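What follows is a set of notes on a single structure, which appears directly below.
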Amino acid sequence: MALRAAVLRHIRFPVQTLTPTASRAPSQWSLLRLFSSHDDHLTKEEVIDRVLDVVKSFPKVDPSKVTPDVHFQKDLGLDSLDNVEIVMALEEEFKLEIPDKEADKIDSCNLAIEYIYNHPMAG
C-alpha cells in the first residue's frame, strides 16, 4: 500500500475540464433522449392487449372469460392473493412499481388498464 501511494504521488495525469458549449449541449441531450423510453407513451390499445395477455396467462384463469371489463374476484373466481399476484405480474410486464395503496384498489382489468395507461413511467 505504501508503494502504491509513493508511485501515485509522482505520477501526474493531465486532466482536461469539459465545459458544455452551446453547440455541444443539444446533441448530448438528444442522445440521452434517444435512449429514453419515457417520451413515447403507450396507446390505450397496447395497454389493453398487454393487460389482457397477463391476466389470460395466469394459471387459475380461463382465458375465454377474460375481457377488458372482467372483475378478478366476481367474474374469474380469484381470491385476494391471486389479485396480488396479478398486480405483481402487471408491474413486471410494464416495468413499474405500483404502491400498495393503489395496488389494493386494482381488482379488475378495467382498473388495471386505467391505472397503467395513466402512469407516466409505464413501458
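Everything numeric in this text was worked out from a predicted model, so none of it was measured.
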Answer yes or no: does atom [atom1] of [X] have more than 12 heavy-atom neighbours from other residues, nucleotides or ligands under 6.0 Å?
X	atom1	value
Lys65	NZ	no
Asp100	CG	no
Glu102	CD	yes

Begin with the C-alpha distance, continue with both residues' side-chain angles, and end with the deciding distance and a verdict on side chain to side chain contact (heavy atoms under 4.5 Å, CB included) for Ile113 and Val47.
CA-CA 6 Å; Ile113 291 165; Val47 173; 4.1 Å; yes

Gap separating the [atom1] atom of [X] from the [atom2] atom of [Y], nearest 0.5 angstrom:
X	Y	atom1	atom2	answer
Ile48	Asp53	CD1	CG	12.0 Å
Cys109	Glu114	SG	CD	12.0 Å
Gln73	Asp107	CD	CG	6.5 Å
Glu93	Met88	CD	CE	14.5 Å

With distance as the sole test, does Glu46 use its side chain to make a donor-acceptor pair with the main-chain N or O of Thr43 at under 3.5 Å?
yes

Would you find a donor on one side and an acceptor on the other, under 3.5 Å apart, between the side chain of Asp104 and the backbone of Lys101?
no

Mind checking whether [X] and [Y] sit in one hydrophobic cluster, side chains of I, L, V, M, F, W, Y counted as touching below 4.5 Å?
X	Y	value
Leu111	Leu90	no
Leu52	Ile106	yes
Phe72	Val84	no

Exactly one candidate in Ile98, Ile86, Ile116, Val54 meets side chain to side chain contact (heavy atoms under 4.5 Å, CB included) with Glu91; the answer is Ile98

Write out all pairs satisfying ring pair (Phe, Tyr, Trp, His ring centres under 6.0 Å) with one or both partners inside residues 101-123, taking only residues at least two apart or from two chains.
His41-Tyr117, Tyr115-His119

Step-by-step side-chain hydrogen bond (donor to acceptor under 3.5 Å, both in side chains) determination, Ser108 to Asn110:
CA-CA 5 Å; Ser108 67; Asn110 191 31; 5.5 Å; no

Non-hydrogen side-chain atoms of Val55 and Leu76 separated by less than 4.5 Å
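Of all side-chain heavy-atom pairs linking Leu76 with Val55, at least one is under 4.5 Å.
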
Let's go through Lys56 and Val61 carefully: what are the C-alpha distance in whole Å and the side-chain angles of both, what is the deciding distance for side chain to side chain contact (heavy atoms under 4.5 Å, CB included) to 0.1 Å, and is it a yes or a no?
CA-CA 6 Å; Lys56 286 178 183 178; Val61 171; 5.6 Å; no

Stepwise, does the side chain to side chain contact (heavy atoms under 4.5 Å, CB included) test hold for Leu42 with Arg50?
CA-CA 11 Å; Leu42 297 170; Arg50 288 172 62 186; 3.7 Å; yes

